[in-house]
Amino acid sequence: MKKRTSKQLYIKLLILYAFVVCLVVLVLVFYFINSTQRRYLEKNKNYMELMHNDAVNYLNSCGENAGHIHEELYNSSMEMNDIIHYLEDSPQEYQQYRLDLCTQYEILDYKGIEDFSLTAFETYSSLLRLTFISYQKQDVTYFVGSQSLYHEEEAKTILEDIQENHLAKEGEISFLKEIRNPITLDSVGAMIITFDSTFFEQIQEKYHIADLVVYGNEEVPIYTSGEAAKGGYILNSKIGEYSVLTSMNKKEASHVPLTVIFMGVGAGGLIMILSIFFIQFYLKKVSLRLNHILDGMSEVMGGNLSVRLPIGKREDELDLIALHFNEMCEKLDLYIQKFYLAEIEQKNAEMEALQSQINPHFLYNTLEAVRMKAICNGDKETGEMLYSMAVIFRSMIKESDVITLVQELHYCKKYLELFEYRYPGQFHSNVECPIEYFQVPIIKFVLQPVIENYFAHGIRRRDKDNFVSIKVLHKNEVYEIILEDNGRGISDERMEELNTGLKENKKVSKQSIGIFNVNRRIKAVYGNHCGLRLGKSSLGGTKVILTFRPEEGKENEEGNAC
């Protein structure tokens, strides 16, 4: 199987992060171009509205100015009378009227049609022409400033255009105003006020993004910068007999200059390169730290437990792994040393055990020789005591750790007999066990320390009725060995303290070491819910209850609940 290294992880992460960065940058660039298109579109739509409003405002301004010029005509009676005579009289009669008026009233500053026209052109810079039409004489006079041009032959055509309302001409904005005699209110002629349309060109040059078209009646084009865009944005307004149409192509309106696109793409590319560079730099540092961890593991696999990984100040997962790795190496080294020491101690213990077996054998054989000598000398009681002692020593030497219940009771009975010989007439005992429990397995020497504890702390040496009772009970698959005495007993406080220590498997005092050792052995073999507990005896002394469950001891020596 191919060995995996951190280089493979580095390449995979670099490719993954580079892909994510590229995807994010592409999305950002697309968003930038799309939002820029929307901004250009909104800006151009605003320009289009401004362009349309300027054109409409200019038309309204021309109409208002035409109205002002017509009003000024009626504000001066001299100019009004001069224009009426100009429109109704023949040229000779008109000149005679002016001469007679100046002579009669001695007028030095006479103002007539020429002065009215000159004042209008001086006031309104966009005024192109003033046209006076005489209905009576059927003639036309054009004024440009104070200069006039008389055209009789065009009168018929202009009158027909007035009747058909066809005043609009390309490049001109014209307004027709009737001239009436202020006294009789008869219509004597008309005045056509014509303005220049070059202002539309200025508007077009200022807001060149849209097309501007100005129509007169019958859709006569006054000004046009192009055809109306199809499928785009259109604004249309009607001002009197004129119409203003502003149009803009949607695609052209949302067009983003290539320089802006190149700037956005360039910025995205720069961000992408810098991001990948920093990701590569970061992953190399992570890869280096992973290589240190892998090298340390290789050293440990080679048997070098003194290797230690460097721990940085980032306090991240890799530093935590390095910290735990170093702790693992320290503990593993310590465990191995303990294992070697334990193995050495075990061999020493085995040697000591072999040696210890020699000494009890010698003592057992010597006791047997002394017992035979005592019997030969007729000292039967001493022989019995030596026999009980020999049985106990023999069980210590030859028996296995687990014996039957009847064997444990037999050794206990022999131990009690020794004390019956020691306290003649002062102590006696009783052991009760149903025959069906004889072959129940139990670890050996669990009763002797409890009885020894009684002779150390409970027996009443001055009294002659000391008694110990041992009974074996079986209920709910649990065996109980109950030891009761009529000794000195234990105080309630002391009993509660001892029971707490026995339950928690902790020694609470230097006294009663035997029962704590027995309790620890039972819990280790049969489980934490087995062991010893103390209570008040019905005989007046202390009751010790030993519980065990042989099946649990056989199946699991770690101590399951019984």
Side-chain angles (χ1 to χ4, degrees), residues 367 371 374 379-396 399 403-475 479-490 494-495 498 502 511-519 521-522 531-548:
L367 288 175
R371 185 180 74 87
D379 193 352
K380 185 178 180 181
E381 183 175 341
T382 302
E384 291 293 334
M385 292 180 65
L386 290 174
Y387 174 73
S388 299
M389 181 68 70
V391 169
I392 295 174
F393 274 111
R394 184 172 55 190
S395 65
M396 293 174 61
E399 300 293 346
I403 59 178
T404 61
L405 184 57
V406 67
Q407 289 176 304
E408 177 69 13
L409 294 175
H410 175 66
Y411 301 146
C412 180
K413 182 64 176 175
K414 292 300 178 183
Y415 186 74
L416 289 172
E417 288 178 357
L418 289 176
F419 282 93
E420 290 178 357
Y421 288 120
R422 180 179 176 181
Y423 301 103
Q426 291 183 285
F427 167 78
H428 63 281
S429 61
N430 182 46
V431 177
E432 296 181 9
C433 178
I435 192 171
E436 60 267 20
Y437 302 157
F438 280 2
Q439 301 303 316
V440 173
I442 188 173
I443 56 176
K444 67 180 180 180
F445 291 112
V446 293
L447 296 178
Q448 182 270 335
V450 178
I451 297 173
E452 182 179 357
N453 188 70
Y454 160 72
F455 285 109
H457 305 289
I459 191 171
R460 294 174 284 109
R461 290 181 173 84
R462 295 181 181 182
D463 298 329
K464 297 184 179 297
D465 59 345
N466 291 288
F467 176 71
V468 172
S469 170
I470 300 175
K471 296 180 181 180
V472 179
L473 302 178
H474 181 221
K475 51 184 176 181
Y479 289 88
E480 290 184 353
I481 302 177
I482 301 174
L483 292 89
E484 292 187 86
D485 62 69
N486 60 352
R488 288 178 288 180
I490 306 174
R494 176 62 176 168
M495 183 175 295
L498 292 175
L502 292 171
Q511 298 178 348
S512 304
I513 296 176
I515 63 172
F516 280 104
N517 288 340
V518 171
N519 182 69
R521 288 175 60 202
I522 293 174
L532 298 181
R533 67 177 184 274
L534 304 179
K536 293 291 185 179
S537 173
S538 59
L539 302 177
T542 303
K543 177 168 64 175
V544 179
I545 303 173
L546 187 153
T547 59
F548 68 100

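Residues: numbered from 1 along the sequence shown.
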- salt_bridge(R460, D465) N-O dist < 4.0 Å: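 Yes.
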
So, taking the atom named [atom1] in [X] and the one named [atom2] in [Y], what distance separates them when rounded to the nearest 0.5 Å?
| X | Y | atom1 | atom2 | value |
| --- | --- | --- | --- | --- |
| K543 | S469 | NZ | OG | 11.0 Å |
| L409 | L416 | CG | CG | 10.0 Å |
| F548 | I442 | CZ | CD1 | 4.0 Å |
| Q439 | I403 | CD | CD1 | 11.0 Å |
| E452 | H457 | CD | NE2 | 9.0 Å |

With a 4.5 Å limit on heavy-atom distance, are the side chains of [X] and [Y] in contact?
| X | Y | result |
| --- | --- | --- |
| V440 | V472 | no |
| L534 | L502 | yes |
| L483 | I451 | yes |
| E408 | V446 | yes |
| I481 | L405 | yes |
| I522 | L546 | yes |
| Y454 | V468 | yes |

- Sequence neighbours left out, what passes side chain to side chain donor-acceptor pair (under 3.5 Å) with E480? Give chain and number order.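 For E480, no residue satisfies side chain to side chain donor-acceptor pair (under 3.5 Å) once neighbours in sequence are set aside.
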
Least distance between heavy atoms, [X] atom then [Y] atom:
| X | Y | answer |
| --- | --- | --- |
| I490 | M495 | CG2-N, 3.7 Å |
| R533 | T547 | NH1-CG2, 3.7 Å |
| K413 | S429 | NZ-OG, 3.7 Å |

For [Y], does its backbone N or O pair with a side-chain atom of [X] as donor and acceptor, under 3.5 Å?
| X | Y | result |
| --- | --- | --- |
| D485 | T542 | yes |
| N519 | L532 | yes |
| K471 | N430 | no |

- Query: Stepwise, does the ring-ring contact (aromatic ring centres under 6.0 Å, His included) test hold for F467 with F427?
  - Reply: CA-CA 6 Å; F467 176 71; F427 167 78; 8.1 Å; no

- Mind running side chain to side chain contact (heavy atoms under 4.5 Å, CB included) on N466 and R461 for me, showing each step along the way? CA-CA 8 Å; N466 291 288; R461 290 181 173 84; over 6 Å; no

- Query: Would E484 and S538 count as a side chain to side chain contact (heavy atoms under 4.5 Å, CB included) if you check the C-alpha gap in whole Å, the side-chain angles of each, and the deciding distance to 0.1 Å?
  - Reply: CA-CA 8 Å; E484 292 187 86; S538 59; 3.5 Å; yes

- Verify side chain to side chain contact (heavy atoms under 4.5 Å, CB included) between R521 and I443, making sure each step is shown before the conclusion. CA-CA 9 Å; R521 288 175 60 202; I443 56 176; 4.0 Å; yes

- Query: Between C412 and I470, does a side chain to side chain contact (heavy atoms under 4.5 Å, CB included) hold up when you go through it step by step?
  - Reply: CA-CA 10 Å; C412 180; I470 300 175; 3.5 Å; yes

